[in-house]
Undergrad: 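One structure coming up, written as structure tokens, with questions to follow.
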Amino acid sequence: MRDDDWAERAKGLLKAELKRRNVGYRELADKLTAMGVPESERNIANKISRGGFTAAFFLQCLSAIGCSVVRLDDLQ
């Protein structure tokens with residue numbers, strides 16, 4: 001599997017977790033900013049649409065939305 005494939009899976013997993021919790025990019029930006037990680041709604045949308053975000057950003061987003069468990073078999 002290529003790196004691009006893994007990036008797509010990470011993107012899909014993050015988007016699925018946001019949808020599962022009914023959290024939009026604006027709300028995510030607010031939650032991240034409250035954690036001391038200032039991000040704009042637009043910047044978040046760009047990062048996620050590219051799928052080329054860092055592991056740190058991925059973990060920050062999951063933490064901000066209260067996601068403590070990630071099932072890797074959801075990547076299938």
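All heavy atoms count here, side chains included; hydrogens, waters and symmetry mates do not.
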Undergrad: Nearest 0.5 Å, please: how far is CG in Leu59 from CZ in Phe53?
TA: 10.0 Å
Undergrad: Does any pair with a residue in residues 50-68 pass salt bridge (Lys or Arg N to Asp or Glu O under 4.0 Å), and if so which ones, sequence neighbours excluded?
TA: none
Undergrad: Asp3: which residues meet the side-chain contact (heavy atoms from CB on, under 4.5 Å) condition with it, sequence neighbours left out?
TA: none
Undergrad: I'd like to check the side-chain hydrogen bond (donor to acceptor under 3.5 Å, both in side chains) partners of Lys47; sequence neighbours left out, ordered by chain and number.
TA: Glu39
Undergrad: Got a sec, which pairs hit side chain to side chain donor-acceptor pair (under 3.5 Å) with one end in residues 23-37, sequence neighbours left out?
TA: Arg26-Glu41
Undergrad: Of all residues at least two apart in sequence or in a different chain, which pass the side-chain contact (heavy atoms from CB on, under 4.5 Å) check with Thr54?
TA: Ala56, Phe57
Undergrad: As an exercise, state the distance from OG of Ser49 to CD1 of Ile44, rounded to the nearest 0.5 Å.
TA: 12.0 Å
Undergrad: Measuring from atom CG of Leu18 to atom CD1 of Ile65, what distance do you get when rounded to the nearest 0.5 angstrom?
TA: 4.5 Å
Undergrad: Rounded at 0.5 Å granularity, tell me how far CE in Met1 sits from CD in Glu8.
TA: 11.5 Å
Undergrad: In Å and rounded to the nearest 0.5 Å, what is the CG to CD distance from Leu62 to Glu17?
TA: 6.5 Å
Undergrad: Between Ser63 (side chain only) and Gln60 (backbone N and O only), is there a donor and an acceptor less than 3.5 Å apart?
TA: no
Undergrad: List in chain and number order the residues that pass salt bridge (charged side-chain N to carboxylate O under 4.0 Å, His left out) with Arg42, two or more places apart in sequence or in another chain; answer none if no residue qualifies.
TA: none
Undergrad: Considering non-hydrogen atoms only, spot the tightest contact between Ser40 and Ala29 and give its length.
TA: C-CB, 4.0 Å
Undergrad: Any salt bridge (Lys or Arg N to Asp or Glu O under 4.0 Å) pairs touching residues 51-62, not counting sequence neighbours?
TA: none
Undergrad: Taking the side chain as every heavy atom from C-beta outward, state whether Leu32 and Pro38 have any pair of such atoms under 4.5 Å apart.
TA: no
